[in-house]
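What follows is one structure encoded as structure tokens, with my remarks underneath.
Bear in mind the structure is a predicted one, so any value in this text is a computation, not a measurement. Below, chains carry the letters A, B, ... as their sequence lines are ordered, and counting in each starts from 1.
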Amino acid sequence: MVDDLSRLELTLSEATISDQKPKKPKSGDVSGFSRRSFLTTAGTVGVVAALDARPLVAENPSADQPEIDDHSTGTVSLPLRINGKEYRLRVDPRTTLLDCLRETVALTGTKKGCDHGQCGACTVHVNGRRVNSCLSLALLHDGEDITTIEGLGTPENLHPMQAAFVAFDAYQCGYCTSGQIMSAVALLNEPCGPEDADVKELMSGNICRCGAYPNIVAAIQQVRNKA
Amino acid sequence: MRTFEFIRPNDPAEAVAIAAQAETAQQGANIRFLAGGTTLLDLMKLNVETPVRIIDINRLPLDTIESTPEGGLKIGATLRNSDLAYHAKVRSDYPVLSQAILSGVSPGSR
């Protein structure tokens, strides 16, 4: 593994990165950010995480579990608190919060739909407020409380919003669902009128290609009326 | 996305001094301020913006809103769009501003 990292480090020189032309998205590549371009432009920590699905971080760091550092150039250290756990990470500064959650920490419940802040699939909470994590640098969030869908509830202990989504069948393929739920939970603490139209307006940043909207609105209204 | 140096200044004066080293503030500037980042990061992903230094202003005390003696509002640079739109005085005295913000961008990016 160490030899592989050394070879990767040699190929990821600054000249290589800055000379690279932006890649045209391949057909079917919704985000315009293919795995190939990620592997060749991201820091090696992100690269190794993509090759090897295990998270490269010490989940509960102690003296005998130091921060994992591959000694590559250009990365910065980043302490993050995610779902109440402290992580000690070392990431390329360009890493978005979304890619950090999915690729570095291997919390893949948050989804990448468009990678440009338009679909809401990447919605997480930072200090209780909803954020499109694809348009936020991971570096910004040291010292803040990050909550992902994994931290909202578990199958044994569902958040009421998760239970409502199940009860109202508020999803089909499920890809937008974690973002829908995270947005819906944040909405409970936002000024929102009582009508379905008010809910739709505040949920308009979360797109569902399967069209589960009526059931999503019903689930949210059910939770709100109970509160 | 081109990589960059990430700088967190201690006060607004330091932030301004660092930014003043840029040759331009127009498109393609090599030094950029970063607040929420929903525009800057979007353009950086497309290589339209390629700063080599990014100045994080989020930890500076710039998120306040105050009435001015002349009868206007002084709005801090890092006040969240949502906080501005839902502010009581903005809703009552500047409702178009509130409505424009709420119409302009989805909740996860404001």
Side-chain angles (χ1 to χ4, degrees), chain A residues 12 14 17-18 20-23 31-33 37-38 41-43 73-76 78 92-97 115-126 129-144 179 182-183 186-187 190-192 201-207, chain B residues 1-9 28 30 32-60 63 78-92 95 98-110:
Chain A
L12 285 173
E14 277 304 305
I17 292 169
S18 61
Q20 229 183 24
K21 296 191 183 115
K23 288 200 175 288
S31 68
F33 187 68
S37 64
F38 179 81
T41 61
T73 57
T75 57
V76 296
L78 175 63
D92 185 294
R94 293 168 286 183
T95 310
T96 61
L97 179 58
D115 211 25
H116 282 281
Q118 294 168 6
C119 77
C122 68
T123 307
V124 299
H125 296 171
V126 176
R129 301 181 65 158
R130 46 176 157 162
V131 169
N132 288 328
S133 59
C134 68
L135 288 186
S136 192
L137 284 179
L139 280 190
L140 288 179
H141 299 292
D142 59 295
E144 298 184 315
M182 297 307 286
S183 276
L187 180 155
E190 295 170 9
C192 179
E201 176 60 30
L202 277 186
M203 292 297 293
S204 60
N206 289 85
I207 297 176
Chain B
M1 193 191 300
R2 178 169 290 171
T3 195
F4 49 82
E5 181 190 356
F6 183 79
I7 302 163
R8 198 170 266 170
N30 62 343
R32 283 291 185 209
F33 293 117
L34 177 64
T38 55
T39 298
L40 180 62
L41 271 187
D42 200 13
L43 296 175
M44 285 173 71
K45 289 187 184 195
L46 298 167
N47 287 320
V48 171
E49 288 285 335
T50 53
V52 297
R53 305 182 93 187
I54 289 183
I55 306 167
D56 175 10
I57 62 172
N58 287 289
R59 309 284 166 118
L60 300 176
D63 61 349
T78 60
L79 182 68
R80 296 278 295 268
N81 275 322
S82 289
D83 293 338
L84 178 60
Y86 291 130
H87 191 277
K89 187 163 177 63
V90 173
R91 282 172 108 170
S92 67
S98 177
Q99 291 166 25
I101 290 170
L102 295 176
S103 302
V105 67
S106 60
S109 290
R110 64 190 190 208

- Task: Measure across Leu41(B) and Ser136(A) and return the closest heavy-atom pair with its distance rounded to 0.1 Å.
- Result: CD1-N, 3.4 Å

- Message: Sort by residue number and list every residue of residues 100-107 of chain B having at least one heavy atom under 4.5 Å from chain A.
- Response: Leu102(B), Ser106(B), Pro107(B)

- Which atoms of Thr96(A) approach chain B - backbone, side chain, both or neither, heavy atom under 4.5 Å: side chain

- Atom group of His141(A) that falls short of 4.5 Å from chain B, counting heavy atoms: backbone

- Message: Counting heavy-atom pairs closer than 4.5 Å to chain B, which one of Val76(A), Asn132(A), Thr123(A) comes out on top?
- Response: Asn132(A)

- Heavy-atom distance under 4.5 Å to chain B: side chain of Leu187(A), backbone, both or neither? neither

- Item | Exercise: identify the closest heavy-atom pair between Leu140(A) and Arg8(B) | O-NH2, 3.6 Å

- Message: For the interface with chain A, which of Leu34(B), Asp42(B), Thr38(B) has the highest count of heavy-atom pairs at distances below 4.5 Å?
- Response: Asp42(B)

- Query: Quick one: what part of Tyr86(B) sits under 4.5 Å from any heavy atom of chain A, side chain, backbone, both or neither?
  - Reply: side chain

- Query: Is it the side chain or the backbone of Ala85(B) that comes within 4.5 Å of chain A heavy atoms, both, or neither?
  - Reply: neither

- Go through Arg80(B), Glu5(B), Met44(B) and name the one with the most non-hydrogen pairs under 4.5 angstrom from chain A. Arg80(B)

- Picking from Pro93(A), Cys134(A), Ser204(A), Gly205(A), which has the most non-hydrogen pairs under 4.5 angstrom with chain B? Pro93(A)

- Do you know the tightest heavy-atom contact between Asp142(A) and Arg59(B)? O-NH2, 2.9 Å

- Item | Options Val131(A), Asn206(A), Leu137(A), ranked by heavy-atom pairs under 4.5 Å with chain B, top entry | Leu137(A)

- Check step by step if side-chain contact (heavy atoms from CB on, under 4.5 Å) holds for Arg129(A) and Ser82(B). CA-CA 10 Å; Arg129(A) 301 181 65 158; Ser82(B) 289; 3.6 Å; yes

- Message: Less than 4.5 Å to any heavy atom of chain A: does that hold for the side chain of Asp56(B), its backbone, both, or neither?
- Response: side chain

